[in-house]
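A short write-up of the structure that comes next.
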Number of protein chains: 2
Amino acid sequence: MALILTFLGKGGSGRSTCAIATAKKLSAQGQRVLLVTEDAGPGFSMVLGHEVLSAPTSISSNLWCCQLQFAQLLEQNWEQLKKLEAEYLRDPFFKAVYGQELSLLPGMDQALSLNALREYDISGDYDVIVHDGSGDQASLRMWGMPAGIDWYFRRFKQVFQASQFSKAVMPFVQPIAGAVLSGGRGFSGDLFDQPEVQESTSFVGQGVAAVKDPMRVRAYLVSSGDEVAIATARYLWGAAQQIEMTVAGVFLNRITDNTKQDFDPLPVYSLPSYTGDWQAQMKVLPDYLTIPAVPAPLDIDLTANTVRLFLPSFDKKQIQLTQYGPEVTIEAGDQRRNLILPKPLKGRSVTGAKFQAGYLILSFG
Amino acid sequence: MALILTFLGKGGSGRSTCAIATAKKLSAQGQRVLLVTEDAGPGFSMVLGHEVLSAPTSISSNLWCCQLQFAQLLEQNWEQLKKLEAEYLRDPFFKAVYGQELSLLPGMDQALSLNALREYDISGDYDVIVHDGSGDQASLRMWGMPAGIDWYFRRFKQVFQASQFSKAVMPFVQPIAGAVLSGGRGFSGDLFDQPEVQESTSFVGQGVAAVKDPMRVRAYLVSSGDEVAIATARYLWGAAQQIEMTVAGVFLNRITDNTKQDFDPLPVYSLPSYTGDWQAQMKVLPDYLTIPAVPAPLDIDLTANTVRLFLPSFDKKQIQLTQYGPEVTIEAGDQRRNLILPKPLKGRSVTGAKFQAGYLILSFG
């Protein structure tokens with residue numbers, strides 16, 4: 001398992017430069033580093049000064065690099081899906097469609113990217129994965145995907161199991177595979193109880209846990225001195241909390257007392273502009289291998305029956321709280337977060353909510 | 001129906017500035033203009049110098065502006081979906097889920113954005129819609145979505161109709177709604193033949209046609225003088241051809257003979273940096289209301305049995321051609337395009353392919 005580092009900020013503020021310098025620094029320290037870019041064009045190769053291929057290629061000692069090619073990844077994943085389908089459905093209907101013809105629809109890139117990162121992570125080949133993504137709201141959607149899928153699964157499982165539709169679909173699910181894979185155990189008739197379904201939900205659960213753990217996945221903000229770039233970085237800082245991702249610091253190319261205050265209590269690093277030598281950048285980077293001392297996105301206090309959510313850069317009127325369904329939903333930064341509450345608070349109503357010094361504090365009755 | 005203008009290029013190269021100047025120029029010419037931003041943070045409001053809300057708000061004569069709020073749009077669309085579901089399914093299972101709890105998954109933003117643009121387009125309230133999107137590959141996925149959905153629908157319709165699964169699902173489709181909406185005509189038993197399904201595929205068809213028509217949807221490239229930004233803009237130029245979107249010109253903040261050549265034969269406009277007065281930008285903008293004189297993404301010659309695809313910025317080895325399924329698939333710029341051939345060429349094999357002066361020329365046997 002690797003530590004995954006990613007960078008958030010407005011385009012043009014130096015995210016790729018940060019990613020490259022980070023990968024170079026960590027590999028120089030002896031960490032096995034994979035630098036992964038999602039950038040589709042030739043831009044990243046030009047900044048790196050190396051051709052980047054779709055498969056990880058060594059570019060210096062301990063450092064590998066790859067550029068995700070989504071059409072290719074879709075093709076590979078499709079062939080895997082067809083195999084699974086043939087095992088589970090009596091009447092597979094994807095078999096007639098070839099991976100090579102599939103078009104890419106919105107969202108597939110992020111799903112494929114997250115899956116590729118997961119595979120590199122579990123390969124055991126790398127200690128650190130440095131991720132050069134789009135660094136914006138779309139990146140946050142990607143990192144929020146495990147929690148999002150987990151919610152849809154949790155919520156629609158009840159709905160599906162209660163429906164007539166599920167009874168109509170079940171005869172198409174192949175009992176044989178389940179019986180074989182579960183060591184002779186018969187098919188229970190409960191789709192969600194199958195070992196393969198359990199395995200895929202545990203993938204999702206592992207993803208949720210990884211994004212929350214700052215020693216597994218961690219983001220840094222990047223900004224130029226421009227006020228629009230600073231406001232964007234601040235916004236992404238708050239938005240990242242909504243997916244419980246730890247933001248551990250900010251790289252600024254011009255530090256003033258004001259900009260330092262904008263990101264308080266994050267550590268601020270001065271980012272020199274790239275002039276042909278990576279040493280200047282590498283020197284200012286933090287020690288990535290220690291646990292960052294920054295606020296946790298979520299704090300639960302069971303004695304006081306309160307939940308504290310760190311939501312910097314937002315004010316009270318930008319946050320919406322609802323409890324329509326069985327869970328508490330917090331909307332902020334154009335994202336919805338469905339809180340999973342620990343047992344003692346489960347099913348209880350929110351009786352109070354206040355916003356204090358960057359924290360939303362919920363009390364439960 | 002409106003003309004939709006969008007901007008492609010590396011982050012930080014001035015896309016939002018271009019969009020704002022374009023909206024200001026066209027509204028000053030008397031066009032009713034809606035400026036739509038997808039930018040989630042406060043950045044766009046700061047550049048515009050006006051607060052931007054989720055609903056179109058007048059900011060000056062003939063000029064309205066809005067910022068798409070995806071959590072809100074998802075909620076609205078979910079309630080519509082539940083209404084449709086109640087009409088069509090005997091046993092609706094989404095009814096128990098509230099719009100306010102839904103999480104946003106990757107791709108939903110683009111689907112919701114495209115739908116919002118479609119609704120503003122057909123509202124008849126605007127002559128021009130200026131779109132400030134992410135301007136990258138994700139934007140192209142959005143514009144390519146109608147063609148992508150059209151392909152999946154076309155391809156999976158055959159597969160679905162041939163399957164046992166379709167026979168199991170049909171009893172859950174409510175015949176009453178079909179009978180009522182089609183004026184007493186009974187439910188034919190063919191899901192794809194229902195007027196509502198026809199209507200939704202015609203939405204998709206209209207989307208495909210709009211993206212191809214330079215008087216409906218048109219892109220401009222934006223780049224700084226930086227070589228990475230230029231390479232990115234060139235890449236997006238080629239990639240836009242893959243979804244048959246017309247790229248009508250390029251805004252550069254530093255024009256040299258070399259950069260002009262990079263974008264030949266596109267018209268090049270010099271983009272001054274913003275200094276607090278929009279007049280300087282507005283002056284250099286093209287006349288958006290005339291048909292742009294640039295190469296069409298696709299040319300079909302039925303006398304010579306050839307298809308010419310304009311693919312600037314790519315070379316031969318970056319283009320892949322396959323004919324696995326019933327259609328010809330062209331892969332370039334990390335996108336797949338499934339060519340719909342006119343009748344005389346349908347079902348015929350590609351017998352030759354050559355790359356010449358930015359064109360891929362296919363001959364059919």
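By convention in this document, chain letters (A, B, ...) are assigned in the order of the sequence lines, proteins followed by strands, and residues within each chain are numbered from 1.
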Based on non-hydrogen pairs under 4.5 Å, which of [options] is most in contact with chain B?
{"options": "A:Val228, A:Leu74, A:Leu140", "value": "A:Val228"}
{"options": "A:Thr322, A:Leu105, A:Leu68", "value": "A:Leu105"}
{"options": "A:Gly333, A:Gly107, A:Ala239, A:Ala71", "value": "A:Ala71"}
{"options": "A:Ala231, A:Gly148, A:Ser45, A:Ala40", "value": "A:Ala40"}
{"options": "A:Leu102, A:Val47, A:Asp39", "value": "A:Leu102"}
{"options": "A:Met46, A:Gln320, A:Gln110", "value": "A:Met46"}

Chain A contact via [X] - which portion, at a heavy-atom distance below 4.5 Å:
{"X": "B:Glu331", "value": "side chain"}
{"X": "B:Ile330", "value": "neither"}
{"X": "B:Gln100", "value": "both"}
{"X": "B:Leu236", "value": "neither"}
{"X": "B:Ala138", "value": "neither"}

Largest heavy-atom contact set with chain A, pairs under 4.5 Å, which of [options]:
{"options": "B:Glu227, B:Gln335, B:Met142", "value": "B:Glu227"}
{"options": "B:Ala229, B:Pro42, B:Ser16, B:Pro106", "value": "B:Pro106"}
{"options": "B:Gly41, B:Gly144, B:Ser224", "value": "B:Gly41"}

Do B:Gln72 and B:Ser54 have a side chain donor and acceptor closer than 3.5 Å?
yes
State, without any angle test, whether A:Ser103 and B:Asn338 hold a side-chain donor-acceptor pair at a distance under 3.5 Å.
yes
Determine the minimum heavy-atom distance between [X] and [Y], stating which atoms define it.
{"X": "B:Asp262", "Y": "B:Trp237", "result": "O-CZ3, 3.7 Å"}
{"X": "A:Lys82", "Y": "A:Tyr98", "result": "NZ-CA, 4.3 Å"}
{"X": "A:Gln241", "Y": "A:Arg337", "result": "O-NH1, 3.1 Å"}
{"X": "B:Val328", "Y": "B:Gln323", "result": "CG2-NE2, 3.5 Å"}

Is the number of heavy atoms from other residues, nucleotides or ligands under 6.0 Å of B:Gln76 CD greater than 12?
yes
[X] portion near chain B, given a 4.5 angstrom heavy-atom threshold:
{"X": "A:Ile149", "answer": "both"}
{"X": "A:Phe44", "answer": "neither"}
{"X": "A:Asp109", "answer": "side chain"}

Could you tell me whether the side chain of [Y] reaches within less than 4.5 Å of the side chain of [X], counting heavy atoms only?
{"X": "B:Asn115", "Y": "B:Leu73", "result": "no"}
{"X": "B:Leu117", "Y": "B:Ser113", "result": "yes"}
{"X": "B:Gln137", "Y": "A:Phe70", "result": "no"}

A cation-pi test, strictly: NZ or CZ of A:Lys10 under 6.0 Å from the centre of the six-membered ring of A:Tyr235 and no more than 45 degrees from its axis. Yes or no?
no
